[in-house]
Amino acid sequence: MTAKDAPVLVVGGGIGGLATALALSRKGIPVQVLEQAPEFKEIGAGIQLGPNVFRMFELLGLTKDIFHWAAFPTSLEMRDSITGESVVEMRIDKLYERYNAPYGVIHRADLLNVIHDACQRSNLITLSTSQKVVAIEDDGSGITARTDTGESYRGAALVGCDGLWSTVRQHIVGDGKPVVSGHIAYRAVLPTKDWPKEYRLPKMIIWAGDKTHLVHYPLRRGELFNLVVVFHSDRYEEGWDTYGDPAELHARFADKCEPVRELLKKVDAWKMWVLCDRPPIKNWTKGRITLLGDAAHPMLQYLAQGGNMAMEDAVCLADTIEVSGRDYAAAFQKYQELRYLRTARVQIMARVYGEVYHANAVAREVRNKVLREWAAQGGIDMSWLYGEQPELPRVDNVPLPPVTQLVS
Ligand SMILES: Cc1cc2nc3c(=O)[nH]c(=O)nc-3n(C[C@H](O)[C@H](O)[C@H](O)COP(=O)(O)OP(=O)(O)OC[C@H]3O[C@@H](n4cnc5c(N)ncnc54)[C@H](O)[C@@H]3O)c2cc1C
C-alpha cells in the first residue's frame, strides 16, 4: 500500500465525522473512523435542516432516506411569550421555490442513523468505537493516531471531527476551552399523543421573550414533538447532556404567558446543554491534519446551522482532495481557504440572531416591527445562507419533500 492509498483517519463519528467518511468513500478514498463512545449515537432532540444541507444530502445519495424520517413544517410563527400575541408567521414551505430545496426538521438519531447506514454499506469505510484519540503524530510520511486503549492507527491524513471539545484542535490550534455563552438549553421530545391538541400543528412556533425562548415543532413525520427552551444564566460553566432542573425552568418562565407555562409542564425529564462557541479562526489546518464541523467552527444554535455546516464541510473537503489528486496537505489548505469565511459568517450571525430572539424593552418592539415588515415584503432574503455556494458542487434540484402528516 502506498502512502496515498492509506486510509484517511477521521476522529469522531458524529454528524460531521460520518458525513466526512461517506463523502470521502464516494471519491474512492478509504477511511478509518475512530469514535470514543461505545456506539455511534446522537443524544438530544431535533435538528433543523436548511435548504443548503438538502443539497448535501442529494450529493451524498441520502435524500430518499432523509425524506422518510424528516418532518416538513409549513410555516414558522413567532409569538411574543409575554403577551402571547402572534408577531409574524412566515411560510417555510415556500422556501423550496426560492432555493430549489426544502426546509425540514429531523430527530438527530434518525439523521445519524441514515448517514451511519450509508457508511456501513461502503466497503471503503471502517467504523471503530470505544477508540478515544489521545495523541497524534505526523512523521512526514503519514499520521499515527493513538487511542486510550493503547491501539495505534496509521493513515495518510487525519480529519478532526471531534466536536466542541476537540482534542485534535488542541494539537493544531491550541486555543483551550470553548467560550461559555451564558445561554442554557433544555431539550425534550414527546410522542405527539402527549402534546396538546391545539398545538399539534405542522408549524415551528417560537415563543420569544426577554433573555428566553421556547421553540416547538413536529419531528419524525409528525409522530413526535420537539421542545427546546433557552434562557440566560451565568450559573453554569460547562458541560452538557445532564438532566435539567424543571423547578429552575418554571422559575425562569414565571412571568411568561399562560400557554407557555402550561406547555413547559408537559415535560418531566429535560436534558440540559450549556451553550458554547468560539470566535472564528482562519487556520485550522497543519500539514495533513485538518478540522471539520464543530471542531473547526463551533457556533451557537440560533441559525440552526452547526450540523448543516459540518455536512457542507464534508462535501467540500472530499472535492478538494479529489481535485488535488490526494495531495492531502494542499487539499486541506484549499478546503480551509474555501470554507472559513462562510463558516465564520454563520458563527457571527448566530450570535446576532440570539440577540434578536431574546430582545427586550424597545429592542423587542423594533424586532417585532422589522419582522412584520419583512414578512409583508415576502420574507427576508437568506440566499447568503441557503443559496448555492461557489465552493460546493452545483445541485440543480432537490426533489419536493413529502407533506408532513400529523397524528391526531
Ligand atoms: C441546543 C442545540 C441545538 C442545535 N440545533 C441545530 C440545528 O437545528 N441545526 C444544525 O445544523 N445544528 C444544530 N446544532 C449544532 C449541531 O448539533 C452541531 O453543530 C453538530 O452536532 C456538530 O457535529 P460534529 O460532528 O462536528 O460534532 P459532534 O456532534 O460533537 O461529534 C463529535 C464526535 O466526536 C467524538 N469524539 C470527541 N472527542 C473524541 C476523541 N478524542 N476521539 C474519538 N472521538 C471523539 C464524540 O463522541 C462525538 O461523537 C445544535 C446544537 C445545540 C447544542
Side-chain angles (χ1 to χ4, degrees), residues 9-21 32-50 52-54 56 70 103-109 111-112 115-116 127-136 145-149 151 153 158-171 178 181 183-188 204 213 215 217 219 226-230 239-241 244 270-277 291-314 343 346-347 350 353-354 385:
L9 304 178
V10 169
V11 182
I15 295 166
L18 292 187
T20 301
Q32 165 71 65
V33 179
L34 302 168
E35 165 57 43
Q36 65 180 2
E39 55 183 323
F40 292 93
K41 195 172 167 188
E42 272 284 342
I43 311 156
I47 187 162
Q48 299 178 44
L49 305 169
N52 53 315
V53 79
F54 277 96
M56 304 306 107
Y103 198 104
V105 285
I106 194 167
H107 197 292
R108 280 164 183 270
L111 173 59
L112 198 77
I115 312 173
H116 183 249
L127 299 167
S128 303
T129 50
S130 302
Q131 295 297 314
K132 179 177 180 165
V133 171
V134 290
I136 304 160
R146 293 183 206 288
T147 66
D148 60 350
T149 54
E151 279 157 89
Y153 295 82
L158 183 144
V159 189
C161 308
D162 48 346
L164 181 66
W165 302 92
S166 169
T167 302
V168 183
R169 184 179 177 114
Q170 291 324 306
H171 183 84
S181 67
H183 300 193
I184 309 297
Y186 275 37
R187 300 202 279 185
M204 301 178 66
H213 78 267
V215 57
Y217 51 78
L219 280 182
N226 184 60
L227 282 90
V228 185
V229 183
V230 178
W240 65 292
D241 185 28
W270 294 92
K271 285 277 186 123
M272 185 192 85
W273 274 258
V274 177
L275 302 172
C276 302
D277 69 355
L291 303 177
L292 185 145
D294 276 9
H297 42 66
M299 53 189 67
L300 298 181
Q301 81 294 357
Y302 294 105
L303 274 176
Q305 279 285 331
N308 294 214
M309 286 297 122
M311 300 273 319
E312 285 190 4
D313 285 350
T343 53
V346 185
Q347 283 176 291
Y353 270 65
L385 184 58

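Numbering starts at 1 and runs along the sequence shown. Order of appearance sets the numbers: ligands from 1, and atoms from 1 within every ligand.
- Residue nearest to atom 51 (C) of ligand 1, selected from R108, M299, H297: R108 (by heavy-atom distance).
- When side chains are defined from C-beta on, D313 counts as touching T343, because their heavy atoms get closer than 4.5 Å.
- Here Q305 has backbone heavy atoms under 4.0 Å from ligand 1, and that is the only part of it that gets that close.
- Taking all atoms of both residues into account, the shortest heavy-atom contact from I47 to Y217 is N-OH, 3.7 Å.
- Regarding atom 48 (C) of ligand 1, its nearest protein heavy-atom neighbour is E35 OE1, 3.6 Å.
- Looking at Q305 and N52, their side chains do bring a donor and an acceptor atom within 3.5 Å of each other.
- Of the protein's non-hydrogen atoms, the one nearest atom 11 (O) of ligand 1 is N308 ND2, 2.6 Å.
- Under 4.0 angstrom from ligand 1, there are no non-hydrogen atoms of T147.
- For T167, every heavy-atom contact with ligand 1 shorter than 4.0 Å involves the side chain, none the backbone.
- With a heavy-atom cut-off of 4.0 Å, L34 touches ligand 1 through its backbone alone.
- Remark: among candidates G14, S166, G293, G307, the nearest residue to atom 12 (N) of ligand 1 is G307, based on non-hydrogen atoms.
- Heavy atoms of Q48 found under 4.0 angstrom from ligand 1 belong to the backbone as well as the side chain.
- The aromatic rings of Y302 and H183 stand perpendicular to each other, their planes meeting at an angle above 60°, with 30° marking the opposite boundary.
- Using a 4.0 Å cut-off between heavy atoms, A304 contacts ligand 1 through both its backbone and its side chain.
- With ligand atoms numbered from 1 in the order given, ligand 1 contributes 1 (C), 2 (C), 3 (C), 4 (C) to contacts under 4.0 Å with heavy atoms of R187.
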